[in-house]
Each structure stands twice: as structure tokens, then as C-alpha cells.
Amino acid sequence: MDGASIDGRNERLGRALLLFGGSGQVGRQLRLALAPFGTVIAPTRAEADLTDPDSLRATIERVRPLVIVNAAAMTNVDQAERDPALANAVNAVAPRVMAEEARRVGALVVHYSTDYVFDGGIRVPYDEEAQPNPINGYGRSKLAGERGVANVDVPHLIIRTSWVYSVTGAGFVASLLRDLPGKAIVKIVADQVGSPTWSRSLAIATAALVRAAVRADEIVLNSADWGVYHLGGSGEGSRVEIAEAVIDALGARLVGERPRIDPISAAAFGALAPRPHYSALSNLRANKRFGITLEPWRAELHRMVTEEYS
Ligand SMILES: NC(=O)c1ccc[n+]([C@@H]2O[C@H](COP(=O)([O-])OP(=O)(O)OC[C@H]3O[C@@H](n4cnc5c(N)ncnc54)[C@H](OP(=O)(O)O)[C@@H]3O)[C@@H](O)[C@H]2O)c1
């Protein structure tokens with residue numbers, strides 16, 4: 001399918017796509033989802049460190065891409081609390097530098113942000129009109145990154161996502177998949193609710209946005225369509241509900257008794273950085289404007305375990 005979509009339309013772009021963070025859980029899926037557009041160049045951290053604006057600028061100048069996708073970030077929320085300067089360099093300064101360079105070379109910027117820009121003070125899914133008010137250093141650095149991109153006069157899509165999971169890595173679901181087998185009881189935080197998002201579906205939805213925004217050698221995204229889009233798995237779930245769903249999906253692959261969940265509070269868990277108690281996302285704008293939806297998270301999680309866990 002190199003260079004062609006299912007409907008046969010040639011999707012190949014005349015210039016490359018430049019992907020930062022290609023080794024991360026979203027980035028690995030983006031390498032696959034963006035492949036039909038042609039050349040995807042994904043520099044490693046050693047080749048383009050986001051803490052080094054000069055190296056970033058040089059990389060963008062060398063590639064002169066049509067699309068810059070930034071899936072690189074300092075995502076360790078507690079580490080961001082300990083080291084706000086590093087979080088600011090990676091999550092706030094680097095995206096602004098990318099946007100400035102994108103403007104110079106005529107590229108679209110696709111940048112990821114987070115549900116953690118919200119404070120969790122409500123109990124209905126946040127849409128794009130909701131007012132951010134981050135309660136930790138990670139959220140503050142990501143919100144500054146959003147604003148750094150949006151303040152440059154450049155075509156941009158800022159994709160806020162939430163509770164991303166994949167089969168491997170350090171995330172909540174991957175840790176459950178590693179830890180649950182053989183456990184009789186697991187302590188899980190009960191008072192945090194979000195929208196679990198499969199990295200593969202997020203990458204596919206991102207490719208759909210890119211498809212709507214560029215054609216051949218041209219960016220066709222109307223300036224009215226620049227800005228923030230929420231892309232989280234449909235629906236909401238607490239960490240306890242997610243753990244139950246993982247146990248259900250593992251089913252017969254769990255030998256012995258079904259592990260019992262011992263619900264605890266986030267306060268008792270005692271993470272360094274505070275997290276919002278509620279941060280589910282409503283994908284209102286992507287759906288309304290581009291007809292993009294993500295499937296209900298339980299079905300997605302089940303599919304991921306069935307297809308990718310061995
Ligand atoms: N994970 C979630 O639950 C979640 C939730 C909401 C939003 N998001 C957002 O979604 C995006 C993708 O997240 P993810 O889960 O894929 O992250 P991830 O798995 O932690 O991957 C982070 C990526 O960033 C790269 N990176 C980190 N610091 C760098 C630096 N100084 N220079 C160059 N590259 C650097 C990493 O490279 P190395 O391999 O070299 O470390 C890796 O490729 C991020 O913007 C994140 O804020 C994630």
C-alpha cells in the first residue's frame with residue numbers, strides 16, 4: 001500500500017515528513033501510520049536532542065519537511081515535577097522552535113499535548129473549549145508548548161490525548177500486563193478517571209488529520225481549522241475499571257485465581273506530582289470537522305490485548 005490509500009488515491013507527499021519521538025509509544029505507531037505519505041524521517045535523540053534548539057533548527061533546515069510531527073516529550077510526570085527546567089526545555093521551548101522553523105520552511109506542525117492541562121474539577125469530558133488549568137509541572141510545561149506553537153503564525157494541529165497505552169513500555173496498561181499474571185491482589189488507584197487511548201488508534205487518527213491537511217506539495221488546512229483537537233479513546237474509565245478490563249481481556253491466559261483489585265486513593269499511592277482526578281476528553285472538534293472518531297476504549301483495549309499481547 002506504499003503511497004496509496006484504500007480508496008486508491010495517491011497519498012504520497014512531495015516532501016518528507018519529519019517525526020520527532022519516533023522511538024516512543026505513539027511515535028512507533030506513527031512510523032507505520034504515516035508511511036503511506038512517503039518518506040518519514042525520524043531522527044533519534046542523539047541526532048536531534050530537543051534540549052538543543054540549534055540541533056533542532058539544523059535538522060529541520062536539512063530535511064525541509066512538508067509536515068513536522070512532534071511526538072517527543074518528557075512524559076514522566078514525577079520527573080517533570082523534580083526537574084521543571086528540563087520539562088520546560090523539552091515540552092515548551094522545543095515545540096516553539098519547531099513551529100518557528102516550520103514557518104520558515106513552509107511546513108505543517110502536528111504537536112501532541114495532554115489531558116493533564118486540565119485540573120479535573122469537572123465530571124464531564126473536556127472538549128476543546130474547556131479552560132486549561134494544569135495542576136502539575138508536566139501539565140504546565142505541555143500547556144506552554146501548546147501556546148508556543150499556537151503563537152507562531154504557522155499551520156498547526158495540536159492533538160491533546162490522554163492515558164496512552166500500548167503493549168510494551170512503562171505505561172499503566174503495559175505494567176498491568178507485565179505484573180498481573182501470578183498476582184493474587186493488586187493495589188490500584190480508584191479516584192482518577194481518564195480516556196484510555198490505544199497508541200495505534202491515535203496514530204491512525206493522526207494520519208487522518210494529516211490527510212485532511214496536506215495534499216502533494218501543499219498545505220490545504222484552512223486557518224480556521226488550526227489549533228487544538230482532542231483525540232482520546234471514547235468514553236471514560238477509572239484506573240480500577242481499566243485494570244478490570246485488562247484482567248477480562250487476559251481471561252484464560254491468567255493462570256489460577258482472578259487477581260483481586262484493592263482500590264486505593266491517589267493520596268495513599270503517594271505519587272510526587274498531583275494528577276487531576278478527572279481528565280476524560282471529548283473528541284468533539286475532530287469529529288465535527290473531519291468525521292474522525294476513536295472507538296470505545298473497552299473494545300480497543302480488548303483488541304489490543306488480543307492482537308498484540310503474547
Ligand atoms: N503517554 C501518555 O499517557 C500520554 C498522555 C497524554 C499525552 N501524551 C503526549 O503524547 C506524546 C507522545 O507520548 P508517548 O507516550 O509516546 O511518550 P514516550 O513513549 O515517553 O516517548 C517519548 C519520546 O520522546 C523522546 N524524547 C524525550 N526526550 C527527548 C529529548 N530531549 N530529545 C529528543 N527526544 C526526546 C523519547 O526518545 P528516547 O527514546 O530517546 O527516550 C521518545 O521517543 C507526548 O507529547 C506526550 O506528552 C502522552
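No hydrogens, no waters, no symmetry mates; every other heavy atom, side chains included, goes into these values. Just so you know, these numbers come straight off a predicted model, no measurement behind them. All ligand and atom numbering here is 1-based and tracks the order in the structure.
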Residue portion contacting ligand 1 (non-hydrogen atoms closer than 4.0 Å) for Ser113: backbone

So, is [X] polar-close to ligand 1, with some N/O to N/O distance under 3.5 Å?
X      : value
Asn70  : no
Leu50  : yes
Thr75  : yes
Thr114 : no
Met74  : no
Val164 : yes
Asp115 : no

Any side-chain donor-acceptor pair under 3.5 Å between [X] and [Y]?
X      : Y      : value
Ser141 : Asn91  : yes
Ser113 : Glu146 : yes
Ser201 : Glu300 : yes
Thr206 : Tyr112 : yes
His111 : Asn70  : yes

Check ligand 1 against Tyr112 and write out every atom of the ligand that is under 4.0 Å from a heavy-atom position of the residue. 10 (O), 11 (C), 45 (O)

Which of the atoms of ligand 1 are close to Trp163, meaning less than 4.0 Å from one of its heavy atoms? 3 (O), 5 (C)

Let me see the working for Thr75 and Tyr138 under side-chain hydrogen bond (donor to acceptor under 3.5 Å, both in side chains), right down to the final yes or no. CA-CA 7 Å; Thr75 55; Tyr138 169 72; over 6 Å; no

Nearest-option assignment for [atom], heavy atoms, candidates [options]:
atom                    : options                     : result
atom 12 (C) of ligand 1 : Ser23, Gly27, Ala71         : Ala71
atom 24 (O) of ligand 1 : Ala73, Pro43, Gly145        : Ala73
atom 6 (C) of ligand 1  : Val77, Asp49, Leu86, Thr161 : Thr161

Exactly one of Val228, Asp115, Val117 clears side chain to side chain contact (heavy atoms under 4.5 Å, CB included) with Pro132, and that residue is Val117

As an exercise, state the distance from CG of Leu30 to CZ of Phe20, rounded to the nearest 0.5 Å. 13.5 Å

Would you verify whether the NZ or CZ of Arg239 falls within 45 degrees of the ring axis of Phe172 while also being under 6.0 Å from that six-membered ring's centre? yes

